[in-house]
Amino acid sequence: MDKQDERGWVVVGALFATLFLIWGPINAGGVFFIPVIKHFGWSRGFFSLLVGIAPLAAGLSSPAVGWLMDRIGVRQMMIAGASTVALGYMALSRANSAAEFLVVLFILGIGVTASTIIPTALVITNWFQENRGLALGVAFAGIPLGGTGVTIFANYVVLHYGFRAGYFAMGVPIALIVVPLLAAFVRTRPDEHAGDSELATAGATAVPGLELSEALRSRSFWLIAIAEVLFATASLGVQVHLVPYLTGIGYAPTVAAGLFAAMFIFSAIGSFVIGSMADSRGGRVMLTAVFVAAAAGIAALLGAPRFAAVVACIVVFGFVRETHLLPLVINESLGVRRLGSILGLLALFTTFGFAAGPAIAGRIFDVTGSYTGAWIMFIAMGLVSALAMRATRELADEEARIAVGKVLPLNPGQEQGSAAAP
C-alpha cells in the first residue's frame with residue numbers, strides 16, 4: 001500500500017467517525033420523542049411535524065450544498081456543517097418553545113446535509129480509483145452502526161439525566177471529535193500542496209464527466225432520479241410502518257422493535273459486502289441487483305404471520321442498502337466532474353420519496369385497514385427502480401450523444417453550403 005492509499009484510508013476513517021457521530025443521533029431520535037412531548041405537553045402529531053422540518057431542510061438545501069462543494073471544496077463545508085450540527089444539538093438542550101425547536105431543527109438539517117452523505121461520497125470518489133466501492137461501504141457503515149451505538153448511549157443519558165442532557169451529549173462528540181478530524185485529515189482530493197478551494201476549481205476540468213447542464217439533458221440522469229425517488233418512497237415507507245405492522249398482526253412490541261433494530265446490523269454488513277462487490281461488478285449492476293433484492297425482501301412481508309418470513313425481510317431488506325452505490329453509478333454514467341452538484345439534485349428527489357413513502361403507506365392502511373396494498377405498491381416501485389437503473393447508459397455513450405446533439409444543428413447549414421458550392 002503506497003502513501004496515498006494509506007492517507008486515503010485515514011480519510012475514510014475520519015468520514016466513518018463523522019457519519020457515526022452525526023447520523024447516530026438522527027437514528028436515535030426516537031429516544032427523545034416521548035420525554036419531549038411529555039415535558040411540553042405536545043401531541044405526537046405536532047412534534048412529528050416539528051421533527052420533520054430537519055429532513056425537509058436537508059433535502060431543499062442539497063442542490064445548493066452540492067453546487068458549493070464543487071466550487072469551494074469539501075473540507076470547509078464539512079467543518080461548517082458539523083459545527084452547525086454540534087451547536088444545533090446544544091441549542092435544542094436549551095429550547096423552550098415550538099418556535100425555537102422549529103428554527104434549530106431547520107438549521108440542523110442544513111448542517112447535516114453539508115457534513116455527511118454528499119461530501120463523504122464526493123471525497124471518497126475523488127480519493128479512490130481502486131477499491132472505491134469498498135471505501136464507500138466502510139465509510140457509510142458508520143450510519144447504521146452509529147444508529148446502534150449512539151441509541152444505546154442516548155437512551156442511558158435521557159433515562160438518567162433527562163432529554164436536555166441527552167441533546168447536549170449528542171453535540172459534544174461532534175464538536176470535540178468530528179470537527180478536529182475533518183480539519184486534520186479531510187481534503188477534496190489527494191493533493192498535499194494545493195488548497196481545497198483551488199482543487200475544487202482547477203480539478204473540475206481535469207476529471208472525466210459531464211457538466212451539470214449536460215447531465216440534465218442526459219437520459220441517465222433522469223433514469224437515476226426516477227430510481228432514487230421510487231426506492232426512497234418504498235424503503236422509508238417500509239421502515240416507518242414496519243413496527244406498527246408487526247405489532248398489528250400480533251408480534252410483541254419488544255420483538256418488533258428488536259427485529260427493526262437488527263436491520264441496522266445487517267445494513268452495516270451489507271455496506272461492506274455490496275461495496276466490495278461493486279468494485280468488480282460495477283455500480284449500476286449492483287444497484288440493479290439491490291433494487292430487485294429489496295423488492296423480494298418487501299415481498300416477504302406478505303407472509304409476515306410466519307416468523308421465518310419476517311426474518312427473511314429483515315435480513316434481505318436490511319442487507320441491501322443503496323446510498324453508497326450512488327456515487328459509483330454517477331461515475332459510470334455521468335462522470336465525477338460535477339459530482340457534488342449531481343448528488344445534491346438527486347438528494348432533492350430522494351427527499352420527495354422520503355416524504356411520500358410513509359404518507360402513502362399510512363393512507364392505504366387508513367382506507368383499507370391493511371398494509372398489503374402498500375407492500376404490493378412498494379414491491380412494484382423496487383422493480384421499476386431496477387428497470388430504470390438497467391436502462392442507464394455508460395458515460396462514453398452519453399458524451400457521444402451530447403456531441404452529436406451539438407453537431408447536428410450545423411448539418412443543414414453545412415449541407416446547404418456544400419450544395420451551393422460549385
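The pair E100-R94 fails the salt-bridge criterion, with no side-chain N (NZ, NE, NH1 or NH2) lying under 4.0 Å from an Asp/Glu carboxylate O. Of the charged side-chain nitrogens involved, at least one lies within less than 4.0 Å of a carboxylate oxygen, so that R337 and E211 count as a salt-bridged pair.
In the displayed structure, F185 atom CZ is contacted under 6.0 Å by at most 12 heavy atoms of other residues, nucleotides or ligands. In this structure, M377 places its CE atom where only 12 or fewer heavy-atom neighbours from other residues, nucleotides or ligands lie under 6.0 Å away. More than 12 non-hydrogen atoms from other residues, nucleotides or ligands lie less than 6.0 angstrom from CZ of F46. Atom CZ of R219 sits in a crowded spot, with more than 12 heavy atoms from other residues, nucleotides or ligands closer than 6.0 Å. Applying the 6.0 Å contact sphere to CZ of R164 captures more than 12 heavy atoms from other residues, nucleotides or ligands.
Within the 3.5 Å criterion, the main-chain N or O of T125 finds a donor-acceptor partner in the side chain of R132. Without hydrogens or angle criteria, R284 side chain to T392 main chain gives a donor-acceptor distance under 3.5 Å. Within the 3.5 Å criterion, the main-chain N or O of A304 finds a donor-acceptor partner in the side chain of Y251. In this structure, the side chain of S333 does not engage the main chain of L395 through any donor-acceptor pair within 3.5 Å. Side-chain atoms of W375 never come within 3.5 Å of backbone atoms of A361 as a donor-acceptor pair (strictly under, hydrogens ignored). Side chain of N155 to backbone of V31: no donor-acceptor contact under 3.5 angstrom is found. Although no hydrogens or angles enter the test, the distance criterion places no donor-acceptor pair under 3.5 Å between the side chain of T233 and the main chain of G357. With hydrogens and angles disregarded, no donor-acceptor distance shorter than 3.5 Å links the side chain of S276 to the backbone of F272. Looking only at distances, no side-chain donor or acceptor of N331 sits under 3.5 Å from a matching main-chain atom of P327.
Put simply, the side chain of I124 does not reach to within 4.5 Å of the side chain of V11, judged on heavy atoms. At a threshold of 4.5 Å between non-hydrogen side-chain atoms, the residues L60 and L348 count as touching. Taking 4.5 Å as the limit, some side-chain heavy atom of L92 sits within range of a side-chain heavy atom of L105. In this structure the side chain of M69 never reaches within 4.5 angstrom of the side chain of L339, judged on heavy atoms. In this structure, E130 and D279 have side chains that are not in contact, with every pair of non-hydrogen atoms separated by 4.5 Å or more. Residues I226 and S385 are not in side-chain contact: their nearest non-hydrogen atoms beyond the backbone lie 4.5 Å or more apart. With a 4.5 Å cut-off on side-chain heavy atoms, F354 and L56 do not count as touching. Using a 4.5 Å heavy-atom cutoff, the side chains of M286 and V329 are not in contact.
Summarising the geometry, atom CD belonging to E394 is positioned 11.0 Å from atom CG belonging to L334; distances are rounded to the nearest 0.5 Å. Here F349 contributes atom CZ and L230 contributes atom CG; the two are 11.5 Å apart, rounded to the nearest 0.5 Å. Of the inter-residue distances, the one linking I298 atom CD1 with F378 atom CZ reads 7.5 Å to the nearest 0.5 angstrom. Atom CG of L301 and atom NE2 of H241 lie 12.5 Å apart (nearest 0.5 Å). One distance of note links CG of L325 with CG of L136; it measures 8.0 Å at 0.5 Å rounding. Going from atom CD1 of I110 over to atom OG of S115 covers 11.5 Å, rounded to the nearest 0.5 Å.
Pairing each heavy atom of V292 with each of A386, the nearest pair is CG2-CB, 3.6 Å. Contact record, S235 with A232: OG-O, 3.3 Å, taken as the closest heavy-atom pair. Residues A121 and L343 share a closest heavy-atom pair of CB-CD1, 3.7 Å. Residues L50 and A98 share a closest heavy-atom pair of CD2-O, 3.9 Å. In this structure, L181 and A17 approach most closely via the heavy-atom pair CD1-CB, 3.8 Å. Nearest heavy atom pair, residue F140 against residue H324, reads CD1-CB, 3.6 Å.
Between Y89 and F168, the distance separating the two ring centers is not shorter than 6.0 angstrom. A distance below 6.0 Å separates the ring centres of Y245 and Y371. Proximity of the aromatic rings of F101 and F40 is defined here by a centroid distance below 6.0 angstrom, and this criterion is met. Aromatic rings from F163 and F32 are positioned such that their centres are separated by 6.0 Å or more. Aromatic ring centres of F128 and W9: separated by under 6.0 Å.
Ring geometry for Y156 versus Y161: interplanar angle over 60°, hence perpendicular rather than tilted (30 to 60°).
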- Going through the checks in order, is the side-chain contact (heavy atoms from CB on, under 4.5 Å) test met by F221 and L346? CA-CA 9 Å; F221 175 88; L346 291 173; 4.0 Å; yes

- I would like to know whether M263 and F319 meet side-chain contact (heavy atoms from CB on, under 4.5 Å); could you show each step before the answer? CA-CA 7 Å; M263 283 205 306; F319 191 83; over 6 Å; no

- Could you give me the CA-CA distance, side-chain angles and deciding distance for R338 and E214, then say whether salt bridge (charged side-chain N to carboxylate O under 4.0 Å, His left out) is met? CA-CA 10 Å; R338 295 302 177 194; E214 295 172 331; over 6 Å; no

- Task: Given side-chain contact (heavy atoms from CB on, under 4.5 Å), test L216 with L345 step by step and report yes or no.
- Result: CA-CA 10 Å; L216 292 174; L345 284 174; 4.0 Å; yes

- Any chance you could lay out the side-chain contact (heavy atoms from CB on, under 4.5 Å) test for T120 and M78, step after step, and finish with the verdict? CA-CA 9 Å; T120 295; M78 292 194 77; 4.2 Å; yes

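Listed by chain and number, the residues in a side-chain hydrogen bond (donor to acceptor under 3.5 Å, both in side chains) with T116 are W23 (sequence neighbours excluded).
Of the listed residues (I174, I26, T18), just one forms a side-chain contact (heavy atoms from CB on, under 4.5 Å) with V85, and that residue is I174.
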